[in-house]
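First the proteins, then the strands, lettered A, B, ... as listed; each starts at 1.
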Amino acid sequence: MIAEVIVDVPAQQTDRPFDYRVPEKWSGMIQEGMRVTVPFGPRKLLGFVVKLKESSEFKSLKNISGLLDMEPALNEELLELGHWLADETMCFKISAFQAMLPAAMKAKYEKQIRLTRGMVVSDLLPELQPLFQKTGTMKWDDAQNNELLPLVKKEMDRGALELSIKVSNKGNVKKEKFIKPLLDKEGLITQLGEISKTAKNQRCIIEYFLENPIESPLSKVLKDTGLSGYSVIKPLVNKGILHVQERESYRDHYEQHEFQADAVLPLTEEQRGAMGPIERAVEEKRNETFLLYGVTGSGKTEIYLQSIKRIVDEGKEAIVLVPEISLTPMMVTRFKRRFGNLVAVLHSGLSTGEKYDEWRKIQRGEVKVVVGARSAVFAPFKNIGLIIIDEEHEGSYKQEEMPRYHARDVALKRASYHHCPVILGSATPSLETFARAKRDVYTLLTLKSRVNQRALPEVSIVDMREEMRGGNRSMFSELLFEKLKERVEKGEQSVLMLNRRGHSSFVMCRNCGLVVTCPNCDVSMTFHRVQSQMKCHYCGLEEGVPNVCPDCGSDHIRYFGTGTQKVEEELGKLMPHARVIRMDVDTTSRKGAHEALLKRFEDGQADILLGTQMIAKGLDFPKVTLVGVLSADTMLHLPDFRSSERTFQLLTQVSGRAGRHELPGEVVIQTYTPEHYSIQLASEQDYEGFFMREMFLRKQNDYPPYYYIALLTVSHEDVLKAMDTADKITTYIKRHVSPSTVVFGPSASPMSRINNRYRYQCLLKYKREPNLAVILKKLNETYGRNAAQSGLQLSIDVNPFIMM
DNA sequence: AGCACGCCGACT
DNA sequence: GTCGGCGTGCTC
């Protein structure tokens with residue numbers, strides 16, 4: 001038998017199957033989708049079997065050298081999905097396959113030295129013999145560190161030793177010892193009498209099993225008895241008193257938490273109205289896409305939960321995608337309470353091992369529901385009954401690295417394979433989605449009212465230019481400051497949002513106007529107060545703050561703009577009594593910090609929660625009655641056609657944070673452009689008004705959803721090379737596309753230089769471009785080919801989410 | 001991506 | 001004469 005293998009080399013020239021012979025001993029075991037190790041040139045690599053066949057065109061085949069899986073890592077559906085993903089996003093097949101699996105299943109390559117076949121340990125130099133005694137191999141690094149390489153070299157020249165590469169899983173399966181008594185109560189008591197009085201620890205263990213005569217994990221036994229190490233147990237096992245068995249176990253991130261089952265909430269009339277069509281689609285196994293369009297607080301999650309319940313009762317599985325930042329303990333708790341241990345959770349807070357274990361639970365069918373961020377869309381379920389994408393409009397569903405996929409597209413693809421419905425949920429759907437719902441491509445389900453009948457909060461817009469003219473130079477308008485003070489006095493909570501981290505956004509010389517910019521990226525650097533450092537948010541460069549202007553030598557250096565740190569500082573001055581929690585990338589980077597801060601706020605340990613966008617999503621605190629947006633326009637003027645849409649969505653989302661419970665809520669939006677439609681309409685919570693307005697503009701400018709777009713970015717350390725190549729690419733495209741396609745460029749990218757690489761781009765807008773795949777593939781081949789040598793990088797993003 | 005092969009410059 | 005620079009091309 002012959003296997004076609006995609007090898008673990010992400011390069012243009014190796015992005016095709018290579019044929020290998022399957023050794024006789026594995027012919028019954030090997031299956032498509034399994035990971036294997038294969039010799040590739042002088043190396044040994046991981047590869048995926050994509051096809052099994054009887055014969056090969058190729059004459060001198062090598063053998064597959066090892067199996068890494070007992071079950072296919074990718075089942076038939078996922079294997080096919082991988083090919084589709086590679087085609088669709090223009091990425092290498094190997095990258096597509098790896099993206100669908102947990103990082104733990106990537107290859108770990110270890111150089112090692114091994115005894116040549118036919119050699120025995122005693123043939124070696126005496127110094128080396130003990131090292132090879134056990135396994136006949138040793139790690140290359142160990143040999144190097146212990147200065148053994150000269151000896152090893154000698155033996156290698158003689159042919160006694162040889163170099164080999166060990167290929168293994170990056171992550172490993174956790175094994176745990178389980179201990180149980182082999183004797184009954186009587187027997188244990190007898191043994192207790194026979195053990196010497198000095199063996200205190202052994203007696204302690206026996207006494208433990210007298211009280212708990214059941215099998216327990218070793219870790220539990222040790223913890224309960226306060227002893228440490230297996231060495232205490234071993235003699236008892238040897239005497240035949242205890243029995244030990246090593247078994248696989250799962251690392252459980254939520255081990256410490258207990259989740260009490262909760263009751264199914266009664267649905268409102270409106271919710272039931274939305275449930276009906278979903279239930280019917282589920283019943284009829286119809287591949288229908290729903291847009292569940294409901295204001296914040298309208299009870300979308302309960303609809304998800306009850307739809308999933310039906311699926312699970314029928315023995316089918318469900319995938320729920322949630323944006324990374326909304327995957328809060330609150331959200332997890334809600335699912336765990338309803339579905340207990342039938343839920344797997346996948347998010348970035350888990351360790352590699354924990355993610356691997358959740359994946360294995362899914363693959364083995366031990367769980368029926370997955371709640372997770374973007375990559376959970378690849379959950380290896382075999383019988384999917386429903387896929388849900390919450391906060392459908394969120395940008396985090398689009399992966400910005402190599403397989404540049406959108407989870408929504410993958411979900412729709414998988415749903416069509418499984419003949420199951422998809423629910424897209426949002427209070428502010430993306431224009432693309434809402435347009436499709438209006439054209440009946442998706443079924444629109446609307447939830448107009450909040451579950452508890454709470455009115456939407458009252459929103460005030462403050463014109464900061466007026467404030468400025470009125471002599472208020474602080475970052476708080478009078479209105480916001482008054483309201484904030486009032487809340488603090490009343491003991492109610494407020495949320496303040498500013499979508500910028502750091503202290504001030506930039507540092508400028510007032511004498512010559514120089515702005516401190518990153519030497520690698522041509523973007524202004526951000527001042528961070530705590531470390532008293534300038535940071536580049538794109539390449540991560542950190543530098544000290546200049547005392548004098550590096551250009552003109554003037555000491556009139558001033559900090560401009562406002563960051564979360566500066567707001568915190570000013571709040572401290574203006575309202576010394578208010579307790580503030582600041583939440584941004586800097587205070588939440590430590591694992592678990594995010595949760596801890598929110599918990600503190602929830603427990604009422606602070607009056608004000610100050611943060612960046614991350615506080616805008618999904619949080620639900622009963623005591624929050626005021627939401628302040630310090631500067632609504634920060635993201636409005638970015639060179640991206642979606643900036644209005646994103647501003648509208650963000651403002652609508654934060655506004656929804658206020659007054660979700662008994663107390664009525666208020667929102668204050670500060671802005672320098674109060675007349676802008678996305679700010680006006682967000683304050684009125686008028687999604688449909690915004691939709692109409694924005695659609696008109698998109699139509700005028702040939703943007704999605706009227707046109708599809710593809711963005712090609714060329715980067716090179718040399719400006720001329722980058723410009724020149726972008727020019728050639730643009731010319732090529734112009735010559736080959738159909739007349740209805742519009743090609744822009746080449747132009748400097750809005751981020752003209754990142755990490756010392758100059759960036760030029762070319763943009764295409766098209767309605768139907770039958771040649772697109774061929775053209776892009778061709779470009780990828782010609783310019784991606786010698787990427788390493790020429791230093792040129794070409795990135796192709798079909799349907800980009802961020803234009804920069 | 002690695003790694004070998006291979007063809008031209010400055011050295012024991 | 002050789003060691004070593006990195007251009008070119010191959011890996012079943």
Is A:Y708 atom OH crowded by more than 12 heavy atoms from other residues, nucleotides or ligands, each under 6.0 Å away? no
Please indicate whether A:K734 has more than 12 foreign heavy atoms, meaning atoms of other residues, nucleotides or ligands, lying under 6.0 Å from its NZ. yes
Hey, can you tell me if A:Y397 and A:H406 have their rings parallel, tilted or perpendicular (30° and 60° cut-offs)? tilted
Can you label the angle between the A:F97 ring and the A:F48 ring as parallel, tilted or perpendicular, going by 30° and 60°? tilted
I need the [atom1]-[atom2] distance between [X] and [N], as an integer number of Å.
| X | N | atom1 | atom2 | result |
| --- | --- | --- | --- | --- |
| A:F40 | B:dA1 | CZ | P | 13 Å |
| A:Q13 | B:dG2 | CD | C1' | 12 Å |
| A:I165 | B:dC3 | CD1 | C1' | 11 Å |
| A:R16 | C:dC12 | CZ | P | 10 Å |
| A:K44 | B:dC3 | NZ | P | 15 Å |
| A:D8 | B:dA1 | CG | P | 12 Å |
| A:K62 | C:dT11 | NZ | P | 9 Å |
| A:K111 | B:dG2 | NZ | P | 12 Å |

Compare the minimum distances between each of B:dA1, C:dC12, B:dC3 and the side chain of A:A11, then state the nucleotide with the smallest one. B:dA1
A:T14 side chain, from C-beta outward: closest of B:dA1, B:dC3, C:dC12: B:dA1
Please answer whether C:dC12 and A:F18 are stacked, defined here as ring centres separated by less than 5.5 Å and planes angled under 30°. no
Select base, sugar-phosphate, or nothing to describe what A:P17 touches, counting heavy atoms under 4.0 Å on all strands. nothing
